[in-house]
Peer 1: 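Just passing along the structure, written as structure tokens.
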Amino acid sequence: MGRGQRGRFITFEGPDGSGKTTQTRYLAQALRQRGIRVLETFEPGDTPLGRYLRQILLGPPAAGGPEAPESASWEPVPMAEMLLMAADRAQHVEQRIRPALDGGIWVICDRYIDSSLAYQGYGAGLALEQVRQVNLWATGNLWPDLTFFLDPGPGGPLTGWPSPDGPNRPDRIEDRGREHWLRVREAYLDLWRQSPGRICRIETAGKPPEAVAQEVLAHVDRWVGREAGGS
Ligand code: TYD
């Protein structure tokens with residue numbers, strides 16, 4: 001299939017609670033209103049196998065929960081966690097993302113390889129180059145065309161930090177606390193500085209989601225215009 005007919009691959013990234021899921025939905029809706037065919041998807045977990053992997057990766061026991069004493073033994077070590085994320089991604093790319101792109105469908109994905117670089121590389125201390133290589137291998141070198149980094153700033157997540165006592169119990173990775181959250185945010189800043197052409201940073205602090213969505217769409221329009229041979 002010719003280059004012109006291939007769908008475009010756009011990802012949303014950011015630390016926990018940065019509003020990616022909402023923005024994925026807004027962008028998918030806006031594109032559909034223009035008659036573009038869109039696959040809205042996420043990682044980890046958006047395949048039949050991925051649903052099992054997500055349970056392993058994020059599932060109980062959360063710290064402080066009744067299962068906590070066992071957690072130390074079953075929790076994946078950073079390398080296992082990275083490989084499980086890559087396994088989820090391999091399945092996702094082969095079963096869903098690549099067929100959609102090949103069929104001319106745009107793919108809007110909530111998290112992708114940058115999440116593994118930020119969380120398993122910068123966050124958990126695995127060598128960045130190895131995380132990158134494993135993921136390139138797992139995905140057959142499928143890199144997003146455009147990535148939005150939603151940056152809530154150092155002040156913290158937009159939606160409030162999930163507390164073990166609150167309505168949204170934190171998942172195993174969110175439960176790593178504020179220092180980890182800040183490290184992940186710094187990681188994204190670093191990734192953005194390294195790839196300013198692919199990664200577009202949008203500051204979200206104090207902005208309603210609709211305003212962020214407008215910024216995202218405006219950037220997509222400029223990007224499509226440039227790709228079509230504009231300035
Ligand atoms: P997600 O469902 O996007 O959570 P949220 O909506 O709260 O951001 O992702 C679940 C968790 O998985 C999140 O804490 C980030 C983590 N994660 C990684 O550590 N590495 C990865 O490669 C991916 C895709 C996610």
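Note that ligands are numbered from 1 as they come in the structure, with each ligand's atoms numbered from 1 the same way. Side-chain atoms are counted along with the backbone in the values below, which use heavy atoms only and exclude waters and symmetry mates.
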Peer 1: What atoms of ligand 1 come closer than 4.0 angstrom to any heavy atom of Ser116?
Peer 2: 21 (C), 22 (O)
Peer 1: Which atoms form the tightest heavy-atom contact between Arg54 and Gly45, and what is the distance?
Peer 2: CB-CA, 4.0 Å
Peer 1: At a 4.0 Å threshold, what atoms of ligand 1 neighbour a non-hydrogen atom of Ile173?
Peer 2: 12 (O), 14 (O), 16 (C), 19 (O)
Peer 1: I need the atoms of ligand 1 closer than 4.0 Å to a non-hydrogen atom of Gln120, numbered in the order shown.
Peer 2: 18 (C), 19 (O), 20 (N), 21 (C), 22 (O)
Peer 1: Against heavy atoms of Arg54, which atoms of ligand 1 measure under 4.0 Å?
Peer 2: 2 (O)
Peer 1: Is Trp143 linked to Ile10 within one hydrophobic cluster, defined over Ile, Leu, Val, Met, Phe, Trp and Tyr using a side-chain heavy-atom separation of less than 4.5 Å?
Peer 2: no
Peer 1: For ligand 1, which atoms have a heavy atom of Ser115 less than 4.0 angstrom away?
Peer 2: 20 (N), 21 (C), 22 (O), 23 (C), 24 (C)
Peer 1: What about Tyr112: any of its N or O atoms under 3.5 Å from an N or O on ligand 1?
Peer 2: no
Peer 1: Could you check which of Asn135, Asp88, Leu58 puts a non-hydrogen atom nearest to atom 11 (C) of ligand 1?
Peer 2: Leu58
Peer 1: Is a donor from one side chain sitting under 3.5 angstrom from an acceptor on the other, for Tyr119 and Arg176?
Peer 2: no
Peer 1: Hey, are Gln33 and Gln29 close enough side-chain-wise for a donor-acceptor pair under 3.5 Å?
Peer 2: no
Peer 1: Numbering the atoms of ligand 1 from 1, which are under 4.0 Å from a heavy atom of Glu174?
Peer 2: 7 (O)
Peer 1: Show me which atoms of ligand 1 lie under 4.0 Å from any heavy atom of Asp16.
Peer 2: 4 (O), 5 (P), 7 (O), 8 (O), 13 (C), 14 (O)
Peer 1: Assign the ring pair Phe12 / Phe148 to parallel, tilted or perpendicular, where the plane angle (0 to 90°) is split at 30° and 60°.
Peer 2: parallel
Peer 1: Against ligand 1, does Arg89 come closer than 4.0 Å with any heavy atom?
Peer 2: yes
Peer 1: Should Lys20 be listed as contacting ligand 1, given a heavy-atom distance under 4.0 Å as the test?
Peer 2: yes
